[in-house]
Amino acid sequence: MSKQLMKGNDAVVCGALLAGCRGFFGYPITPASEIAHTAALLFPQAGRIFIQAESEVAAINMVYGASSAGVRSMTASSGPGISLKMEGISYLAASELPSVIVDISRVGPGLGNIYPSQGDYNQVVKGGGHGSYRCIVLSPNSVQEMCDFTMLAFELADRYRIPVFVLSDAYVGQMMEPLDMPAAIDPPGPPDWALTPEAATNGNVITSIFLNPEEMEAHVLHLQENYAGIQRQETRCETYRCEDADLILVGFGIVSRILRSAVDQAREQGLKVGLFRPQTLWPFPETQLLEHVGRVHDFLVVELNNGQLVQDIKLFVAGRSPIHFMNRVGGFVPSPEEVVEKARQILGKDAAAPVREKSSEVSVPK
Amino acid sequence: MSKQLMKGNDAVVCGALLAGCRGFFGYPITPASEIAHTAALLFPQAGRIFIQAESEVAAINMVYGASSAGVRSMTASSGPGISLKMEGISYLAASELPSVIVDISRVGPGLGNIYPSQGDYNQVVKGGGHGSYRCIVLSPNSVQEMCDFTMLAFELADRYRIPVFVLSDAYVGQMMEPLDMPAAIDPPGPPDWALTPEAATNGNVITSIFLNPEEMEAHVLHLQENYAGIQRQETRCETYRCEDADLILVGFGIVSRILRSAVDQAREQGLKVGLFRPQTLWPFPETQLLEHVGRVHDFLVVELNNGQLVQDIKLFVAGRSPIHFMNRVGGFVPSPEEVVEKARQILGKDAAAPVREKSSEVSVPK
Amino acid sequence: MADKTLSKPSAFQDVFARKPGVDKSGTHYCAGCGHGVAHKLIAEAVADFGLKDRAIIVAPVGCSVFLYYYFDFCAVSVPHGRAPAALTGISRVHPEAICISYQGDGDLAAIGLAEIIHAANRGERMAVFFVNNAIYGMTGGQMAPTTLVNMKTSTSPFGRQVEGEGHPMRMCEMIAGLESPVYVERVAVDSPQATMKARAAIRKALKIQMERKGFAFVEILSPCPTQWRVAPDQAGEWIRENMYPVFKLGVYRDKVQETDPRPAPPESLSAREVYALLTGEKDSGKAETAQTDSNNGRHSKSPEAPAIDSICCKLAGFGGQGVLTLGVLVAQAGMNADYHVTWLPSYGPESRGGTANSSVILSREEIGSPVVNDIDVLLAMNVPSLERFLPQMNRGGLVIYNSSIVQEEIEKRDGVKIVGVPAMDLAQTAGDVRAANVVLLGAYSALTGLFTNADLDYALSTSFPKPKAAEINRKAFAAGVEHVKGKEEGARI
Amino acid sequence: MADKTLSKPSAFQDVFARKPGVDKSGTHYCAGCGHGVAHKLIAEAVADFGLKDRAIIVAPVGCSVFLYYYFDFCAVSVPHGRAPAALTGISRVHPEAICISYQGDGDLAAIGLAEIIHAANRGERMAVFFVNNAIYGMTGGQMAPTTLVNMKTSTSPFGRQVEGEGHPMRMCEMIAGLESPVYVERVAVDSPQATMKARAAIRKALKIQMERKGFAFVEILSPCPTQWRVAPDQAGEWIRENMYPVFKLGVYRDKVQETDPRPAPPESLSAREVYALLTGEKDSGKAETAQTDSNNGRHSKSPEAPAIDSICCKLAGFGGQGVLTLGVLVAQAGMNADYHVTWLPSYGPESRGGTANSSVILSREEIGSPVVNDIDVLLAMNVPSLERFLPQMNRGGLVIYNSSIVQEEIEKRDGVKIVGVPAMDLAQTAGDVRAANVVLLGAYSALTGLFTNADLDYALSTSFPKPKAAEINRKAFAAGVEHVKGKEEGARI
């Protein structure tokens, strides 16, 4: 049957192959390594290129090369590896090379540990590399979406000539769920700007250096126009039981799964709670979020970091609704019960039970 | 005499030597290279270590080593080089190693060009590396401050065991001004946590890996507490003619110099304009900024990027005052006249003269 | 010949239109710079060999970052030092491309050292032209790995010191020490005679690309009068006097004759073929997929399945006892029984020799959190697992433990059914002690009736495709079923 | 001896208290792993040589990231592959430290290749222990650069292919090809006999550190039965059968005898000495500094200086005509005359052979923007500069141009004074055509009376400290003064 029980990391490889990805260039790092393992097994069988690069830096630059050659290509890593790729990602953005980067987040900073985290939000969403660039950032929360969003990532990358992140975490990458295998596609051949061994593309140049400030300014403004178009067109989100909610929970990735359980539990206890889940972290579904501002009384942002997404929510809501924050760090995830308890406090109901101390709000640096 | 006409980049080296910096580890990149040149000349004469590292990555890791050894050390680079250092910076933050990183910003993304830019704001201020960490970010706008803030950077780095950025730009780095040489200091010897060849430190360990989530959580929360203390203690800013201003201009680095000229020109024309200049970009002087909210009608943020600081200003002001934005990218800087014209428009006065088209507002991605 | 190198080769652009400024005929290089000569030799060879349409050149960071001002074929500028990595990406996906890397000494031997060595070691199909002028040019005359001993540069103002800064690095020698490169030679462009040899080497490296033979490396000693601070007409002499003794010209490796052309890489599978590879089905469309679902009959909803909304299972034991696989089996059977299912491992270093567990949820509704804190079903392979997870059991829950090694009395818990099964003994009898996990699956299955035979068949056949393992595991499963028969049937879950 | 390696060396911790979990006596390594043996050999040598207090070891990323669970001396864990770079930082600032790097094959030969090669080439004072087990351990058994041909790993599931994945990299051979390493040997820990040789090599590498002789590299072939999927007791045989033929044991370099101990590095200057180095003054405090100011008398405010609030100057010409220096001279004189001053260059690739300019502002008030768009004073060395900047002149402005090469008639502009000075001719007469910029400074100074002789003395002596250049430039300055004498005196600025 077409449904297979599969790890999220493996589903990424399926999505890549189904999308016609021609090259995978990676380096071992837990908890992303299964992506490389499965790619090593399947890419050659599919007549595609798999290279274990000598380093994270080499891997992203192999992607740079393959993308400049006009084929779909990708890499995958986690925290420290993503940091090493930042120069390459800035170059990909600057040269407008379509490319897909998968980040299976682990706990940082530093070597940290290999458990789930969302500490790379700022890095991936705000631009961890230098210069005025953007990447599209997709946030899957299931094995199915690990596959589907990888395919979508390739589509968006080609459509907008932009690097696209699939930002996931150790839980979504390591968990298994049934995958309903989507239909495969044959992507179009190399675009006319690509470097190919054919007369048609003779003399094509791909570069990101513009010594002349006029040219550079035009180029940077052109990039911003592209980004503005993406912001208009490509925001995606999912809402759950928000229609009559007094409190909306906001979270992405594995957290959104926990929040969904929390919504159900809260509803059972008579608390009108809903879930707003951004599926694109950039562009953020700001308009869709703001539809709830005014009608809903409070927002509770839950993250596995020191408070990163919550800053954006505050920016968008601009003081019109109270924004609450709850987090766990170090590899823990909050339980639905803890979230419900926090929701109960916010909604002014009596506490049903004490919650664990560490899951309460901590100060949020700005 | 103690005043010397000097480049900003050279003043950084003076500040480092005066602060007792023991090791400079760098790699060539325009427009930061003079720092390495001058360090190559002066550090050996001062019995200090200068190494031209094989790469930007090696340079930041030499800093990591020297810092773990308990001495003051630093590196300097620009855009692409700073991106390559992101893994190392995350590790420095995670291991709480005092260290100083100077970024003489150039235009990005990608190879870009070597003219002034502020496109690294998000990268440096929000954390371009992985994980929930922070760096202190100082923003000098004169040759004197290039020296003074480098010294301050070492002080703050030691006080809080944190990496400190001196975020400058190609103009402030390349320009010459008189430097009034500050008094030199002899920094304290290696702290008790450091790795030294002495019995007293036997068995010291510096690491950032905590496989146990409880330990990791405690570590990350400890970091956040340190950051909260820095936010309370270490914000710095400069204001100019803000007392009775209707419009406050906000900008850092070279832009703040242009804005100062614009304030004077605007005042000559009867426009009540003032300047708010953050000297620390993180922690941002939010309290000091908010003192003006309510009394002042408008804010105009001017940047050499696609709109990065302005997002933070919007976040802090939270809808209580209109925030306007003006930028140049590609290596240009706006002229004081252009800023005055924009101020005039905001204040609803008649335009005196048309301004150049490109310096008007562009759409700001979020 | 001299004539030829002075004329503009047809693989140069007629007018250097991309070059900023007024002069569109000369290069941007300083007087006496060797890049212009190297460019011309390459352009001439590309033109002579008819490779203009197929050539793709990677520009480094350095003075030659602008080489695309001149060459009339495909070019890409890449991050500092990464030309061999980027070109690897190109070379692998375009087997017909003639791949050229052009790098300076800082780019190739300092920041890009790992990339060039590994590309050479992999034997990537590319010609690398390494312009060695012993100094960084564009960024202001800093010390390069190839800077000579005692040579003064902007970052070695007292002259390069052996102690602390090392000897000049000899890249030809290092690369020739690897096994994969086909051809490694060092040449120079300090004189017309030397340039003739450089010309031959460049042509040879490109011919190797035409013949698809692999990695070719040509180091070109090249003048940089500006940063050396010598007059352009003295630069050739400077090379001969200072560089020749350190960087000996010559062929360091030549395996061209004995190297066979690379075979063409396999064709990339089509969408339809990829879908078949991933699913074992030949169809790539969703319509056919739906038909397949109903055809193979494995999606049979178990009619006698208990009316259960959701079950949270914990499978735990030592690493190596197969508790992750046990979780997968439960999840696969559950999936086949049309439950929503999630499986989540504990993982990390503890999985080598330590304890491990997996969490499985089966639910009739979409599953939110895949984390299991409150346990309905615990299958425990060892004592630490029981100790850790018993306190988390829900009322009405079921615990099955491996009594082959858990011999302590298990404390009774209110409303929790606890069943011991000598899983390892039964597995040993079935043929392999490692099948103990499947014994527990059999017991669990028999006690609850949660899955149909088809569900369990699917799980076992998917997880154990090999005949021998399949047989042992089916026996183990049956032993587990048999062991609990009549004992504790009708457990709620 | 066998006894000794089984006991716990005193450079190991008595109890592995940092290790998580219950067992604080054994290591976290798998059965049959070679790390434990390598650790013990190092700990034993460190203890025997009395180096515990001075030893600092860098842990890699990989299974041995946790080596600080065991060693009872200073340890630091660093980013993947960067141990040699981090250790360089330590080694340079602690000349008394015994510096040890411990790295695996992925760490050292893949992601960290550039760092190890360059540390070796610089001859850093460190012992590197390279544990080669031909595979990534901790992250799950991926292919390493040292993985054997046809060996199956999780990222080479069909076996490592020479074509595309290359041959195993031989690090000893590569490092021995450099000139700086003192000692390079490959050993193994597959048998007691081999381990004895490993022990000797490790001790030799550490002795080299005690003797301050430089870079020592010991590669240790080491078993990883878990990732190789062989039984621990078969792993030694596996090494001998599979690794020995590829990684030949032996000494690859030994320059210990002929190498002298490194001299102690120079002492770091004190604060007082650094201040003197940077200022030429012996005092490091601000109080004394203020006194110095009034003593040297150069801060003389020119009494006859015109009452001018601010002057925006543009100095422009071809690259090489000294227009940046000219700007510096104006700024230095202005600084000495107690103006606030800024100097801003145009810079970049155009500075090599193209046009260049610098902007200088002198002001009685603090200066905001250092950018000069509206020009009060233009000193132009060539025609393009005049063409570009004349339109930006303010009314009342002053233009002085180099009439040695600007021979065209200059269009008069309302309210702008324009003066030609044959700067290059006068400079040639003064002794060097390159002093033409200083001729313009003389003319500018004479025409405006802006600076005192002391101001100009300060500028010229600071910019031209060498006697010969000083003399020529003073002559050139005087020629500029002389040329405009009586002609256009009293220019506003």
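Per chain, numbering begins at 1; letters A, B, ... match sequence-line order. What's counted below: heavy atoms across the whole structure, side chains too, no hydrogens, waters or symmetry copies.
Atom CG of residue C:Leu344 and atom CD of residue A:Gln174 lie 8.5 Å apart, to the nearest 0.5 angstrom. To the nearest 0.5 angstrom, C:Thr342 atom OG1 is 6.5 Å from A:Arg257 atom CZ. For the atom pair CG (A:Leu5) and OG1 (C:Thr462), the distance works out to 9.0 Å, reported to the nearest 0.5 Å. C:Ile111 CD1 to A:Glu87 CD: the interatomic distance, rounded to the nearest 0.5 Å, is 6.5 Å.
Looking at C:Glu267, only its backbone comes within 4.5 Å of chain A, counting heavy atoms on both sides. For A:Asn212, no part lies near chain C; criterion is any non-hydrogen pair under 4.5 Å. Residue contact with chain C, scored on non-hydrogen atoms closer than 4.5 Å, involves the side chain of A:Ile51 exclusively. With a 4.5 angstrom heavy-atom cutoff, A:Ile185 touches chain C only via backbone atoms. There is no contact between A:Ser73 and chain C, counting heavy-atom distances below 4.5 Å. Using a 4.5 Å cut-off between heavy atoms, C:Asp72 contacts chain A through both its backbone and its side chain. The part of A:Val71 that comes within reach of chain C is its side chain, from C-beta onward, which places non-hydrogen atoms under 4.5 angstrom from that chain. Residue C:Val93 touches chain A through both its backbone and its side chain, counting heavy-atom pairs closer than 4.5 Å. Neither the backbone nor the side chain of C:Pro265 comes within contact range of chain A, judged by heavy atoms closer than 4.5 Å. Contact annotation for C:Ile367: both backbone and side-chain heavy atoms come within less than 4.5 Å of a heavy atom of chain A. When heavy atoms are compared at a cutoff of 4.5 Å, A:Glu177 approaches chain C by way of both its backbone and its side chain.
Checked by atom type and distance alone, the side chain of C:His94 pairs as donor or acceptor with a backbone atom of A:Leu195 at under 3.5 Å. No donor-acceptor pair closer than 3.5 Å links the side chain of C:Glu115 to the backbone N or O of A:Glu54. Remark: the backbone N or O of C:Ser369 is paired with a side-chain donor or acceptor of A:Ser261 at under 3.5 angstrom.
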List, one per line, each side-chain donor-acceptor pair under 3.5 Å for residues 61-68 of chain C, sequence neighbours excluded.
unit_1, atom_1, unit_2, atom_2, d
C:Tyr68, OH, A:Thr207, OG1, 3.1

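Taking 4.5 Å as the limit, some side-chain heavy atom of C:Val341 sits within range of a side-chain heavy atom of A:Pro178. Residues A:Tyr91 and C:Arg82 are not in side-chain contact: their nearest non-hydrogen atoms beyond the backbone lie 4.5 Å or more apart. With contacts defined as side-chain heavy-atom distances shorter than 4.5 Å, the pair C:Pro79/A:Asn61 qualifies. In this structure the side chain of A:Ile254 reaches within 4.5 angstrom of the side chain of C:Pro370, judged on heavy atoms. At a threshold of 4.5 Å between non-hydrogen side-chain atoms, the residues C:Glu366 and A:Arg260 count as touching.
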Practice item. Could you check A:Ser55 against C:His118 for side-chain contact (heavy atoms from CB on, under 4.5 Å), going step by step and ending with a plain yes or no? Key: CA-CA 10 Å; A:Ser55 70; C:His118 278 278; over 6 Å; no
Exercise for review: Determine, stepwise, if the pair A:Asn204 / C:Phe73 fulfils side-chain contact (heavy atoms from CB on, under 4.5 Å).
Suggested key: CA-CA 7 Å; A:Asn204 276 359; C:Phe73 42 89; over 6 Å; no
Check your understanding: Where do C:Arg54 and A:Glu198 land on the salt bridge (charged side-chain N to carboxylate O under 4.0 Å, His left out) test, with the steps shown first?
Key -> CA-CA 6 Å; C:Arg54 292 166 59 200; A:Glu198 285 139 32; over 6 Å; no
Practice item. Mind running side-chain contact (heavy atoms from CB on, under 4.5 Å) on A:Asn202 and C:Cys74 for me, showing each step along the way? Key: CA-CA 6 Å; A:Asn202 183 54; C:Cys74 282; 5.8 Å; no
Practice item. Check the pair A:Met175 / C:Trp343 against side-chain contact (heavy atoms from CB on, under 4.5 Å), numbers first and verdict last. Key: CA-CA 5 Å; A:Met175 70 191 276; C:Trp343 172 96; 5.5 Å; no
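Close approach to chain C, defined as a heavy atom under 4.5 Å from one of its heavy atoms, is seen in A:Leu17, A:Leu18, A:Arg22 of residues 15-24 of chain A, taken by number. Within residues 83-90 of chain C, the residues approaching chain A closer than 4.5 Å by heavy atoms are, in numerical order, C:Ala85, C:Ala86, C:Thr88, C:Gly89, C:Ile90.
Heavy-atom pairs under 4.5 Å with chain C peak, among A:Gly70, A:Ala199, A:Ser90, at A:Ala199. Ranking A:Pro197, A:Gly47, A:Gly8, A:Gly65 against chain C, the residue ahead of the rest is A:Pro197, based on heavy-atom pairs under 4.5 Å. Between chain A and the options C:Val371, C:Ile361, C:Leu278, C:Val78, the largest number of non-hydrogen pairs under 4.5 Å is found for C:Leu278. Contacts with chain C were tallied for A:Ala58, A:Ala46, A:Ala66; A:Ala46 has the most, counting heavy-atom pairs under 4.5 Å. The candidate with the highest count of non-hydrogen atom pairs below 4.5 Å against chain A, out of C:Val360, C:Leu51, C:Val328, is C:Val328.
Pairs engaging residues 55-70 of chain A under the salt bridge (charged side-chain N to carboxylate O under 4.0 Å, His left out) rule: A:Glu56-A:Lys85 [sequence neighbours left out].
A side-chain donor-acceptor contact under 3.5 Å links A:Arg48 and C:Ser268.
Closest heavy-atom contact between A:Ser208 and C:Ser77: N-OG, 4.1 Å.
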